[in-house]
Number of protein chains: 2
Amino acid sequence: MELDHFDRKILDAVQRNNRLTTEELGELVGLSATACQRRLKKLRDAGVIEADVAIVSPEAVGRPMLMLVSISLERDRSNIIDRFKQAIRKTPEIMSAFYVTGEADFVLLICVRDMVEYEAFTRRFFYENPDIKGFSTMVVMDRTKVSFAVRIDK
Amino acid sequence: MELDHFDRKILDAVQRNNRLTTEELGELVGLSATACQRRLKKLRDAGVIEADVAIVSPEAVGRPMLMLVSISLERDRSNIIDRFKQAIRKTPEIMSAFYVTGEADFVLLICVRDMVEYEAFTRRFFYENPDIKGFSTMVVMDRTKVSFAVRIDK
DNA sequence: CCTGAAACAGCCTCCGC
DNA sequence: GCGGAGGCTGTTTCAGG
C-alpha cells in the first residue's frame, strides 16, 4: 500500500495515542474528520496498522520484573526453530520474542512476578525444550522507551 | 490500585484489542457495558493502562529491518547512565531500550530502512556517546510475539 | 480523493437499586 | 459497587465538487 504524507502523519499520531477522535486527528494532520476516518479504516484493513492495543503496566498487575533472555540452540535446523517458535507462542510469561542472527539465536522478553516465578519458568521452559544449548539472563532495571513506535518519515 | 477478577479480564481483553465496544467487553467479562466503561476509565486514570496505541507495521512504513543491539558502557557511573538515557530518548531509530544487568548494560531495539541507515545510525550514535565501550548487533529475522502483552492472572 | 450534512452507533451521566 | 434510560459525542454513509 502506498502511503502519502497524510497517512504518515496519521500513523505517527495514532501509534502514540489511538483514542484521539477523528476530529482531533483531522486538526493534527490538516484534514477533515471524515477523511481521516476513511484513511484510518484503510490503514487498518491493509494491515499497515497491525493492531490496536492498551499498554498495561506490568507493575500494576503484579508482574514488575522484566528479563531479557538470550538463548542459543543446539542446532539451527529449521524444524528445531519452528518447534521452538511454537513453544514461545504457548508460553504466557513471554511478552516478545525475536529470532536473531549473531551472538544468540533467540532473544526473549519475559515478564514475571518475582525470581521464584522466573526460576519456575526457566526450569519448565528449558526442560520442555531440550534443544536449548545455553542461555543468559539480563534483568531489566529500567525501560527507557516503552512501546513499539516506529520512526515515520513525514 | 486493587484489581479484582473483572478488572483483570478487562485488561486481558483490551491489551489485545482496545477497540472493542463497551458492549462487547461486557459480554466478554460478564458485566454490563456501563460497568466496563466505568472500570476502564478508572484503570486509565490510575495508570494501570499506561497508553492506548496503534501498532504500526514497520515493513509497511518502509522500515523493515529490526536490530537488537547490546551495549556495554565504559563505566557504570550514574551520570553516564543518565546521559545515555537522554540520548536514547532523542534518537528516533530506537523503538525500545532496556537498562539491564548481566552481559550488557543496555539493550536497544532499532528499526531501520536498510543497512545503510543502520550504519549511519551506529556511526552517529556511537560518535555522540563516547562512553560506549562496545556493542554487538543481532539482526532480527523474525518476531514471534509482537506486542507488550503482560500475563494477567484471572 | 476531498468536504459537509444527516443518520446512526456507541459512550457517558444520572439515578434507582 | 451494579444496571438501565436517555442525552450527547463521535463515527459512518451519502451527496456533491
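Convention: sequence-line order gives letters A, B, ...; per-chain numbering from 1.
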Please report, rounded to the nearest Å, how far the [atom2] atom of [N] is from the [atom1] atom of [X].
X	N	atom1	atom2	result
B:L31	D:dG1	CG	P	12 Å
A:N18	D:dT11	CG	P	11 Å
B:D4	D:dG1	CG	P	10 Å
B:L40	D:dC2	CG	P	12 Å
A:H5	C:dC1	NE2	P	16 Å
A:E27	D:dG10	CD	C1'	15 Å

Reading 5' to 3' through nucleotides 5-17 of chain C, protein heavy-atom contacts under 4.0 Å coded B for base, S for sugar-phosphate only, - for none: B----SSSB----
Donor-acceptor under 3.5 Å (B:T101 side chain, A:V139 main chain): yes
Check: B:K42 and B:M1 side chains under 4.5 Å, non-hydrogen atoms: yes
Within-4.5 Å side-chain heavy-atom neighbours: A:E50 and B:V56: no
B:Y118 and B:F125 aromatic centres sub-6.0 Å: no
Ring-ring centroid check B:F106 B:F98, cutoff 6.0 Å: no
Residue pair A:R39, A:D4: steps toward the salt bridge (Lys or Arg N to Asp or Glu O under 4.0 Å) verdict: CA-CA 11 Å; A:R39 281 162 178 270; A:D4 67 10; 3.0 Å; yes
